[in-house]
> 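Next up is a structure, given as structure tokens.
Here is the naming used below: chain letters follow the sequence lines, and residue numbers restart at 1 for every chain.
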Amino acid sequence: MAELYIRVGEDENEEPMEIPSEDDGTVLLSTVAAQFPGACGLRYRSPASQCMRGVRLVEGILHAPENDWGSLVYVVNYPKDNKRKMDEMDAASAVKMKRGIDRTSDLIILGLPWKTSEQDLKDYFATFGEVIMVQVKRDVKTGNSKGFGFVRFTEYETQSKVISQRHMIDGRWCDCKLPNSKVFNQYAGPDEPMRNCKIFVGRCTEDITTDELRQFFMQYGEVTDVFIPKPFRAFAFVTFSDDQVASALCGEDLIIKGVSVHISNAEPKHNNINQLFSNFPGRSPSLAAMFDRTQYRYPSSHV
DNA sequence: GTTGAGCGTT
């Protein structure tokens, strides 16, 4: 081969760099990539057709067109276009997932007739789509309905439809909305990294055992500890070996044995700003998010 | 046994 080096550039107009060829006249893609990280091939403008042509690439070896690299300038190919689009899609869907934009969440049903049962709710909402969970909130002493409840659907489309209209249930107009406890998560930015591996599991029922919690949370990652306070206090702690697993679960509503439990970070109450904002209807989400970040700068021992 | 624009036994 006459040429020991071929001329390669980022594009046709930029000053090319000379890249060494192998003894047999081929050029290794790895050699190109050493100068142009991420390169996946070469192309050049054909003097004959004036079109861009690809350089033959076989098993990491670039072959000279017509056995001669000549004095053409070769342009580096990157997988960039596809790759970047993929990355953006992944990031976007990850954010969407994390923000719960296309995830279902529990919906509060307001204005239920006192007589409406969970079976009534299930029968009614099943006409919109698959129902995961229904609840009628009742006075613990009397068992009387408090006139509101919750429902959770499998499909986000179902949830959207249900939110968008009023509902005639047992002779009363009812509204379904995102509960206030969800609004924070809807508007908060991406979470700060969590430093701890422990999650708080709220709204547990008394029949949920430590073993069942362990079995359930194993699907997300290695569980190193499960703690249920005695006597019953309607919450539990689950510790993972990986803090990213714990972090990813925070803000979720998960269904365990048909019960919707709420996952949040296991910070002591006095140091958890979520507690301060979570039941305050008029709060500013951005303010809450700002305070939320500050709590991680002053970590205190866990419960 | 009561009620009605409400938010889930941390």
> How long is the line joining NE2 of A:His262 and C1' of B:dC7, in whole Å?
13 Å
> So which nucleotide from B:dT9, B:dG8, B:dC7 ends up closest to the side chain of A:Ala234?
B:dT9
> If you check every side-chain atom of A:Asp253, which of B:dC7, B:dT10, B:dG8 has the closest atom?
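The answer is B:dG8.
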> What do you reckon, do A:Phe148 and the base of B:dC7 stack, with centroid distance below 5.5 Å and planes below 30°?
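Given the distance and angle limits, no, they do not stack.
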> Check every atom of B:dT10, B:dG8, B:dC7 against the side chain of A:Arg203 and return the nucleotide holding the closest atom.
B:dG8
> Would you say A:Lys177 places a side-chain N or O within less than 4.0 Å of OP1 or OP2 belonging to B:dG6?
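So the side-chain polar atoms of A:Lys177 never come under 4.0 Å of the phosphate oxygens OP1 or OP2 of B:dG6.
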> Report the residue (A:Phe232 or A:Thr142) whose heavy-atom-nearest nucleotide on DNA chain B is the more 5′ of the two.
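Result: A:Thr142.
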> Donor-acceptor pair, distance only, cut-off 3.5 Å: does the side chain of A:Thr239 make one with the backbone of A:Cys197?
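Such a contact is absent between A:Thr239 side chain and A:Cys197 backbone.
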> Below 30° counts as parallel, above 60° as perpendicular, anything between as tilted: where do the rings of A:Tyr44 and A:Tyr74 land?
tilted
> Between B:dG8, B:dT10, B:dG4, spot the one nearest the side chain of A:Ser264, thanks.
B:dT10
> Please compare A:Asp106 and A:Asp175 by the position of their nearest nucleotide in DNA chain B and report the one closer to 5'.
A:Asp175
> Heavy atoms only: give me the nearest A:Asp170-A:Thr116 pair and the separation to one decimal.
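Shortest heavy-atom contact: OD2-OG1, 2.7 Å.
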> With respect to the side chain of A:Ser260, which nucleotide from B:dT10, B:dG8, B:dC7 is positioned closest?
B:dG8
> Expressed in angstrom and rounded to an integer, what is the separation of A:Phe200 atom CZ from B:dT9 atom P?
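Computing the A:Phe200:CZ to B:dT9:P distance gives 12 Å.
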> Provide, to the nearest angstrom, the distance between the CZ atom belonging to A:Arg166 and the C1' atom belonging to B:dG6.
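From A:Arg166 CZ to B:dG6 C1': 15 Å.
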> Of all heavy-atom pairs between A:Ile255 and A:Arg152, which one has the smallest distance, and what is that distance?
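What the structure gives for the nearest pair is CD1-NH1, 4.0 Å.
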> Which part of the nucleic acid, if any, lies within reach of A:Gly111 when heavy atoms closer than 4.0 Å are counted: base, sugar-phosphate only, or nothing?
base
> Measure CD1/A:Ile169 against P/B:dG6 and give the value in whole Å, please.
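Answer to the nearest Å: 18 Å.
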> Heavy atoms only, 4.0 Å cut-off, all strands: where does A:Ile109 land among base, sugar-phosphate and nothing?
nothing
> Calculate the interatomic distance between A:Arg172 atom CZ and B:dG6 atom P; express it in whole Å.
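Distance check: A:Arg172 CZ to B:dG6 P gives 13 Å.
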> Any idea which of B:dT10, B:dT3, B:dA5 is nearest the A:Trp114 side chain?
B:dT3
> Of the nucleotides B:dA5, B:dT10, B:dT9, which one has an atom closest to the side chain of A:Lys137?
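Closest nucleotide to the A:Lys137 side chain: B:dT9.
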> Report the relative orientation of the aromatic rings in A:Phe217 and A:Tyr220; use parallel for angles under 30°, tilted for 30 to 60°, perpendicular for over 60°.
tilted
